[in-house]
Every structure is written in structure tokens, then in C-alpha cells.
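Below is one structure, written out as C-alpha cells; comments come after it.
This is a predicted model, so every value here is computed, not measured.
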Amino acid sequence: QVQLAESGGGSVQAGGSLRLSCAASGYTSSDYSMGWFRQAPGKEREGIAAISSRGDITYADSVMGRFAISKDNDKNTLDLQMNSLKSEDTGMYYCAASRFWFSANNWSSYRMDDWGKGTLVTISS
């Protein structure tokens with residue numbers, strides 16, 4: 001039984017930083033590709049960053065150079081360090097896991113084995 005739980009969201013000013021965490025249980029994360037996604041109000045969910053079971057990392061163009069994804073296979077956790085935050089980064093952030101490979105810009109919801117419930121990130125100007 002796979003379960004994912006995000007934490008670390010909050011409200012920060014533009015230019016600030018946040019670190020999100022995703023705790024996975026019920027499976028070994030080393031066997032999965034994992035990623036972070038976000039959804040702004042009224043918008044479609046978009047991929048932000050992904051890391052494969054081998055450690056290959058991809059980012060959306062909008063966050064490249066500002067966000068960093070990392071995975072700890074021993075702890076079954078997935079983190080997202082977010083720096084230089086902008087107002088357009090506001091939204092609900094979700095982590096997801098899949099037995100299939102995916103990238104930040106090449107993914108499909110039907111290939112995801114599990115989603116977390118999300119954590120809210122709000123960036124103020």
C-alpha cells in the first residue's frame with residue numbers, strides 16, 4: 001500500500017525560499033521515478049521536477065536554476081528546495097511516484113502509481 005505525504009508548504013515573500021518534503025511509505029522509492037508537481041488556481045497541474053530510480057533529474061524551464069530535487073532512498077523521502085521564489089510559483093504542490101520513467105515535461109497522470117494530498121505554497125510580493 002503506497003502512501004505519499006507532502007509537508008513544508010507555507011507563505012513567503014518573493015525572493016524567499018522553502019523546502020518541501022514528501023514522505024513515502026509502502027514501497028521502496030529506489031524502484032520508482034518520483035517527482036514534484038504543482039497546480040495554481042484555475043490552472044492545469046504541471047510537472048516541476050523529476051528524479052528517476054537511477055538519479056536522473058529533469059526540471060521544468062520555469063524553475064530551472066531555482067529549484068533542486070533530491071531523493072533519499074534509505075529514508076524514502078523526496079525533497080524540493082525552492083529558492084528565489086516568484087509569485088507565479090504560488091499553488092498546491094504535490095509529489096508523485098511511478099514505476100515508469102517520466103520527466104518534468106513528459107508525464108501522464110495515468111502512469112502515476114500514487115499522489116500525495118498536496119501542500120500549499122503562497123508567494124507574496
Side-chain angles (χ1 to χ4, degrees):
Q1 186 175 1
V2 177
Q3 290 184 319
L4 300 173
E6 304 93 339
S7 63
S11 298
V12 298
Q13 290 185 267
S17 298
L18 281 174
R19 187 175 183 87
L20 306 183
S21 294
C22 174
S25 62
Y27 67 100
T28 302
S29 61
S30 61
D31 296 330
Y32 290 77
S33 292
M34 301 186 71
W36 285 96
F37 303 79
R38 70 185 178 193
Q39 188 166 17
K43 303 293 184 180
E44 297 293 324
R45 188 168 299 186
E46 62 176 332
I48 301 168
I51 183 168
S52 74
S53 60
R54 295 182 58 186
D56 304 304
I57 294 173
T58 56
Y59 295 101
D61 290 341
S62 60
V63 306
M64 197 173 301
R66 299 188 298 119
F67 291 9
I69 188 172
S70 60
K71 182 170 66 174
D72 189 327
N73 291 328
D74 293 328
K75 297 181 179 179
N76 274 6
T77 57
L78 179 75
D79 291 347
L80 183 68
Q81 179 65 47
M82 305 188 295
N83 300 321
S84 301
L85 286 162
K86 306 174 181 179
S87 60
E88 52 261 46
D89 294 320
T90 293
M92 287 292 294
Y93 283 68
Y94 305 87
C95 64
S98 176
R99 295 183 181 89
F100 300 98
W101 180 93
F102 67 91
S103 72
N105 298 304
N106 186 11
W107 63 276
S108 297
S109 60
Y110 65 82
R111 290 202 293 266
M112 300 300 171
D113 290 289
D114 193 51
W115 292 90
K117 296 298 182 182
T119 185
L120 181 63
V121 172
T122 302
I123 312 302
S124 60
S125 60

D79 side-chain N/O to R19 backbone N/O, donor-acceptor pair under 3.5 Å: no

Step by step, work out the ring pair (Phe, Tyr, Trp, His ring centres under 6.0 Å) result for F67 and W36. CA-CA 11 Å; F67 291 9; W36 285 96; 9.9 Å; no

Once rounded to the nearest 0.5 Å, what's the spacing between atom CE of M34 and atom CG of N73? 9.0 Å

Apply side chain to side chain contact (heavy atoms under 4.5 Å, CB included) to N106 and T58, showing your working. CA-CA 10 Å; N106 186 11; T58 56; over 6 Å; no

I123 vs V12 side-chain heavy atoms within contact, under 4.5 Å: yes

Testing the basics here: between S125 and A14, what is the closest heavy-atom pair and its distance to 0.1 Å? CA-CB, 4.5 Å

Looking at NZ of K71 and SG of C22, how far apart are the two atoms once the value is rounded to the nearest 0.5 Å? 11.0 Å

Under a 3.5 Å threshold, yes or no: a donor from one side chain and an acceptor from the other, between N83 and S17? yes

Out of curiosity, T119 OG1 to L18 CG, how far, rounded to the nearest 0.5 Å? 8.5 Å

Can L78 be reached from M82 by stepping across I, L, V, M, F, W or Y side chains whose heavy atoms are under 4.5 Å apart? yes

Test of understanding: clusters of I, L, V, M, F, W, Y form through side-chain heavy atoms closer than 4.5 Å, transitively. Do L120 and V63 belong to the same one? no

Roughly how far, to the nearest 0.5 Å, is the OG atom of S33 from the CG atom of D113? 10.0 Å

Does any non-hydrogen side-chain atom of Y59 lie less than 4.5 Å from one of I69? yes

If we only count heavy atoms from C-beta on, is the S21 to T77 side-chain gap below 4.5 Å? no

If two hydrophobic side chains count as joined below 4.5 Å and joins carry through other members, does F102 share a cluster with I48? no

Partner of Y94 by side-chain contact (heavy atoms from CB on, under 4.5 Å), out of R45, R38, M112: R45

Expected output: side-chain S98 to main-chain R111 donor-acceptor under 3.5 Å: yes

What about Y93 and W115, same hydrophobic cluster or not, with Ile/Leu/Val/Met/Phe/Trp/Tyr joined at side-chain heavy-atom distances under 4.5 Å? no

Using ring pair (Phe, Tyr, Trp, His ring centres under 6.0 Å) as the criterion, point out the one residue from F100, W101, F37 that pairs with W107. F37

What distance do D56 atom CG and S103 atom OG have between them, rounded to the nearest 0.5 Å? 11.0 Å

Kindly say whether C95 contributes a backbone atom to a donor-acceptor pair with the side chain of E6 at under 3.5 angstrom? yes

